[in-house]
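These notes concern the structure reproduced below.
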Amino acid sequence: GTRIVYERAFLMNLRNSPISR
Amino acid sequence: GLLPPIEINPNEHKLQYAYALWYSRRSPGKQTSIQSYDQNLKLIGRFASVEQFWGLYSHLVRPSELTTHTDFHLFKVGIKPMWEDEANQKGGKWIVRLRKGLVSRCWENLILAMLGEQFMVGEEICGAVVSIRFQEDIICVWNKTASDVATTARIRDTLRRVLHLPASASMEYKTHNESLKN
């Protein structure tokens, strides 16, 4: 299968999403 | 005991691997036997998506605020942060020593690179450890196959890049076998 790769900036953007809290 | 699988809602961003975060603290000066090391390891939580990671991480104390002789261990679910775990028996670790004041930012950069699969070494990464010590702090990346030179070189280069380490920063690779002998 495809490896799930995330860049740092993408991960940082999800930091404040409502479901991250 | 066995823990149930980690559920992920469809609107969350799944990670390539699920991870467990552990905490340990030892009394300074005391010799640590395998048994007491195991007993000192406390599971803080597990996650399998980006959102679950931030949910856990945002409640944690930053490494720089931890007391001396404390460690956080972030390992793939199924791998215990111990030499004795099957996944670690032939493995080793990169050790990066940091002067005081750098550890929180370096640890965050390291774990984001690990969760985001930035190391590009297949299944080789086992986990990462941050250790708060008296005069310096230490971060380590553990991998499965210490004898795989291409893999360990790639981990080193990725570490330098994501931690923004100067070329002069001290990095050392140690097999777990060597560590056991000491």
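So you know, we letter chains A, B, ... as the sequences are listed, proteins then strands, and number each from 1. Note that the coordinates shown come from a computational prediction; the quantities given were computed from them, not determined experimentally.
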Check: Do you reckon B:L56 sits in the same ILVMFWY cluster as B:I111, going by side-chain contacts under 4.5 Å, direct or chained?
Finding: yes
Item checked: Verify same cluster id: B:I155, A:V5 (apolar side-chain graph, 4.5 Å) -> no
Check: Only one of B:L115, B:V162, B:L112 forms a side-chain contact (heavy atoms from CB on, under 4.5 Å) with A:R8, so which one is it?
Finding: B:L112
Check: Between CG of A:N16 and CH2 of B:W54, what distance do you get to the nearest 0.5 Å?
Finding: 8.5 Å
Notebook entry, point to check: Between A:R3 and B:G122, which heavy-atom pair has the shortest distance, and what is it?
Noted result: NH1-O, 3.3 Å
Notebook entry, point to check: Quick one: what part of B:L15 sits under 4.5 Å from any heavy atom of chain A, side chain, backbone, both or neither?
Noted result: both
Check: With a cut-off of 6.0 Å (strictly less than), are more than 12 heavy atoms of other residues, nucleotides or ligands near NZ of B:K76?
Finding: yes
Note to self: What part of B:N11 gets within 4.5 angstrom of chain A, counting heavy atoms only: side chain, backbone, both, or neither?
What the structure shows: both
Check: Hey, is CZ on B:R105 packed in by over 12 heavy atoms from elsewhere, all under 6.0 Å?
Finding: no
Checklist line | CD (B:E172) with more than 12 external heavy atoms under 6.0 Å | finding: yes
Note to self: Any side-chain to backbone donor/acceptor pair from B:Q118 onto A:Y6? Under 3.5 Å, distance only.
What the structure shows: yes
Item checked: Heavy-atom pair count under 4.5 Å with chain A, highest-scoring of B:E12, B:M120, B:E108 -> B:E108
Item checked: Side chain / backbone / both / neither for B:F53 at chain A, heavy atoms under 4.5 Å -> neither
Note to self: Are more than 12 heavy atoms, taken from residues, nucleotides or ligands other than B:E65, located less than 6.0 Å from that residue's CD atom?
What the structure shows: yes
Check: Would you say A:L14 and B:Y19 are hydrophobically clustered, going by side-chain heavy atoms of ILVMFWY under 4.5 Å?
Finding: yes
Margin query: Any non-hydrogen side-chain atom of A:I4 less than 4.5 Å from a side-chain atom of B:E117?
Written below: no
